[in-house]
Q: 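Mind having a look at this structure? Questions to follow.
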Amino acid sequence: MLCKFGAHLMKELYPRYNFKESDDKWAKLWDEEKVFHASSKSGQPSYSVVIPPPNVTGILHMGHALNNTLQDIIVRFKRMKGFNTCWMPGTDHAGIATQNVVEKQLAKEGKTRQQIGREAMLKRLWEWKSQYGDTIINQLKKLGASCDWPRSRFTMDEAYSDAVNEVFIWLYEKGLVYRSRYIINWCPRCLTALSDEEAEHKEKKGNLYYIRYPLKDDKNKYVTVATTRPETMLGDTSVAVNPKDPRYKDFIGKKLILPLMEREINIIADEFVDPAFGTGAVKVTPAHDPNDYAMGLRHELEFLNVMYPDAKINENGKHFKGLDRFEARKRIVEELKAKGLLEKIDEHTHSIGHCYRCDTVIEPYLSKQWFVKMKPLAEPALEAVKSGKIKFYPERWTKVYLNWMENIRDWCISRQIWWGHRIPVWYCPQCPEGENIIVSKDNPPKCPRCDSKDIKQDEDVLDTWFSSWLWPFATFGWPQKNKDLDIYYPTTSLFTASEIIFFWVARMIMAGLEFMGDIPFSDVYIHGTVRDAKGRKMSKSLGNAIDPLEIISEYGADSLRFSLIINSGQDLFISKEKFEIGRNFANKIWNASRLILMNTSDYNPGYKISDTEGLSLPSRWIISKFYSTLQKVEEAIEKYRFSEAETMIYDFFWGNFCDWYLEIIKDKWNDENTNNITLYVLGESLKMMSPFIPFVTEEIWSHLNPESGCLSTQNWPSFDKSLIDLEAENRMQSVLNSITNIRNIRADWNIARTNKIKCEVFSSDKDFISLINDNESLLSRLSNCSLELHSGKTGKDIINSASFIIGQSQFIIPLGEFIDVAKERAKKESDLAKLKNNHEALAAKLNNESFLSKAPQEIIDNTKEQLNSLDVHIKELEKLVSILK
RNA sequence: GGGCGGUUAGCUCAGUUUGGUAGAGCACAUGACUUACAUUCAUGUGGCCGUAGGUUCAAGUCCUGCACCGCCCACCA
């Protein structure tokens, strides 16, 4: 399945990584070959994750890209680690969102859903789904998501719908589902109820209107009420004051005339009223406000609905009938003003609920809806988190979850739309209220009580989340018993954003415990929100969104993934340039691999490092560095610290492997040992990097080891503690320091590499000497200038020179030819002053008795050493300054 | 009103679990087209770690207060 590129052909390949070609090639191959399909074989430890199902209407945005890359990293990691790994993909039918999309389509044809009817509308919806429903799935494939695609589920699949019905009936029979008239959040545009979570509250500037309600017995006296929604006064059935409020003591029980409507209403006393707000008197509209509704129940008030479902005033609003609520507000205010009943209008900022789908202002609306009683479900779900069976990462989200669960309220699950799972309830018009409900999984032919065939199914469908909360087990076939459920449930980790905790995470935990008798996952990882560079949420309306697909085509999928994750420690502030780091890194990996493949013979996949005794110091060093990195990367992934893992990979591969190791060995391609080690470290590094940047590593792997199949299915490098060699790391570090020192001097004295200057470097570092002796040109190349190494000689024959001892090396640098003496002297003098300052501070520290008596010996020694080395530096500098004079 | 997060280099952020000489990327400056890579390499400039106290030989790190920014929740009419 893989075409073999001979290593020698790498020369022909682009010096720049061609991500376009390889992104497409590998995404296609992984998909076609079903590389990520889990086998359902038991016996092996399993690792499973369910995708947060994107809406079928979804188009990949940065939030998706982040969320799915995180999952993909750990899933690829676990798969390579040998777990029976299943990442369950699928899409959500997204009730209102999808219906809105198709309604818009209809509107273009000049039709409404009511005109074409329910059946035709559903047909249109399914057509839309089959045409566009896979869009986001294909985009996820472009991202490299290694889902178990053949298992893909949709929340309205037949089997899945079956699970939804089963659950509704289960809860109904337990008495946890009930139907009731209640004030709910109503979207007058979508014409449906919304759950509390679907109401988005936004702070908006508005007005507080002070309206006078005259007393019935004395038209000159009045009570002033304050309201932000004057139009609701049409439905007022009372005015409430606090019983302890002295201002209104004498008014309680008296009658008022409701202006404009000219109805009589009572003044009642209720503790709820805050005397400090407004006038201390509240108009009570039980049918249009949740608080007033509660008061209405307490005082047995009339519930007078004054609006149609589309928020136009109904006949109860008399001459305002037919007006939209905001138009009515204007007219009412005008009329009140004309009658002298409008006392004043204050500016007032308050939070107003908006429909989370269409952003229309929500109307609290009295209607009959289905609810789920949540308290009994919440209790075990609280316990599961309190006991630590389920853990949140980062931990702080635990509190947010617990707090919400402890104050949980019943869940309104019916929606007055058509796209979704129709409520499995039928009503018999023949039977008396209360006994007329038939709950059934299949279409019941007749009423079981009275045998009437004239029964009608509930018109409503269920909240989308009423199906999503079953996702971790319904996707594996529940309520049917089957092997997949046994193997993959409970899943391990769940990845989502914080705003989804209430919508989905909490409900999945409740559902898992109720219907499966077990938690749905043990770890919940909450990642940050993707924002623009100014910290605003990315949104279409703001026009600040960066399209991940655009990034994929401009920078490549690996760049998108890598750049997002390395920035994912907290909320991400993204601008286009941030994706360069990923692109550059992918290109670096590509070119390092080209260098190696162009110069080495074939990769030996069976190669093992058994003994490091005979290996060179750089080899032992890079092996040790690789394994310490591997260990840290594994730990970081297990702790869900992905940005940390990437940083370590980046530092290792670029900072150690490319910048030092390859530079040191790059002209020793005739050494077989070195070649083996180099290829080995490259191969193992590709494996380690594969979960993070799967495309470029896969591409290189196909050149490195074409026979072995996909890199994505290779075994993760096995960590070998015995190959971590701290001695080699330290000794090599000392060598690298020496080279860095030479580079410092070179840059300091502005010695160009083209200047073939004669200067001598003396060193007592044996590793350094042997490394340099091994290869004549190495020192010059590494230090970016032409230097000669002499050991055991002194530089007496060099005239007008300065010698330095830095670390273990002595440097003799010719002066005069390359520098501006005055400038250099000024610079050195200021350096000298700084050093003297430091010297003084350290000396003071070493005179401090409590420091000497209490600080650990190590720190004291360190300080002394610093002081000594400062002494040397200061002397050298003083000498230099005097030469420069 | 309650809760949470943040404040470290010009910018974006690590570092805070377990106190011990302040880190990275970008940007900037200088030098280099060195046969893998200029999407590169080398070197450097740049920080009283938000603020006021406390604990300690030692605080970016632990404790307390405050300020500012951001987010979430809540029934302010």
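Since this is a predicted model, take the numbers as computed values, not measurements. Lettering follows sequence order; numbering is per chain, from 1.
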Q: Among B:U39, B:C75, B:C57, which nucleotide has an atom closest to any side-chain atom of A:Ala855?
A: B:C57
Q: Measure CZ/A:Phe277 against C1'/B:C75 and give the value in whole Å, please.
A: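 So the CZ-C1' distance, A:Phe277 to B:C75, works out to 12 Å.
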Q: With nearest nucleotide decided by heavy atoms, which residue, A:Asn744 or A:Asn584, maps closer to the 5′ end of RNA chain B?
A: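 Closest to the 5' end, via its nearest nucleotide, is A:Asn584.
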Q: With sugar-phosphate meaning primed atoms plus P, OP1 and OP2, does A:Trp660 contact a base, only sugar-phosphate, or nothing at under 4.0 Å between heavy atoms?
A: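 It contacts nothing in the nucleic acid.
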Q: What's the closest nucleotide to the A:Lys666 side chain, out of B:G20, B:U39, B:A36?
A: B:A36
Q: Any base atoms under 4.0 Å from A:Thr740, or only sugar-phosphate, or nothing? Heavy atoms, all strands.
A: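 Sugar-phosphate: the residue A:Thr740, judged by heavy atoms under 4.0 Å, touches backbone atoms but no base.
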Q: Please tell me which of the listed nucleotides, B:C37, B:G25, B:U12, lies nearest to the side chain of A:Arg594?
A: B:C37
Q: Name the nucleic acid region contacted by A:Phe502, choosing base, sugar-phosphate or nothing; use a 4.0 angstrom heavy-atom cut-off, strictly under.
A: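 A:Phe502: backbone/sugar contact only, no base atoms under 4.0 Å.
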Q: Once you apply a heavy-atom cut-off of 4.0 Å, does A:Val400 come out as touching a base, just sugar-phosphate, or nothing?
A: nothing
Q: Regarding A:Thr600 and A:Asn675, do their side chains bring together a donor and an acceptor under 3.5 Å, going by distance alone?
A: no
Q: Is the gap between the ring centers of A:Phe562 and A:Phe579 under 6.0 Å?
A: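 Not under 6.0 Å, so no.
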Q: Base, sugar-phosphate or nothing for A:His348? Non-hydrogen atoms, less than 4.0 Å.
A: sugar-phosphate
Q: Give a yes or no on whether a donor-acceptor pair under 3.5 Å exists between the nucleobase atoms of B:U43, that is its base, and the side chain of A:Arg743.
A: no
Q: Nearest to the side chain of A:Ile581, which nucleotide is it out of B:C37, B:G25, B:C4?
A: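 So the side chain of A:Ile581 is nearest to B:G25.
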Q: With a 6.0 Å cut-off on ring centres, are A:Tyr293 and A:Tyr182 close enough?
A: yes
Q: Ignoring the backbone of A:Asp659, work out which of B:A42, B:C57, B:A36 is nearest its side chain.
A: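 Among B:A42, B:C57, B:A36, the one nearest the side chain of A:Asp659 is B:A42.
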Q: If we ignore angles and hydrogens, is there a donor and acceptor under 3.5 Å between the side chains of A:Ser22 and A:Tyr17?
A: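 Indeed, the side chains of A:Ser22 and A:Tyr17 share at least one donor-acceptor pair under 3.5 Å.
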Q: If you assign each of A:Pro275 and A:Asn591 to its closest nucleotide in RNA chain B, which residue comes earlier from the 5' end?
A: A:Asn591
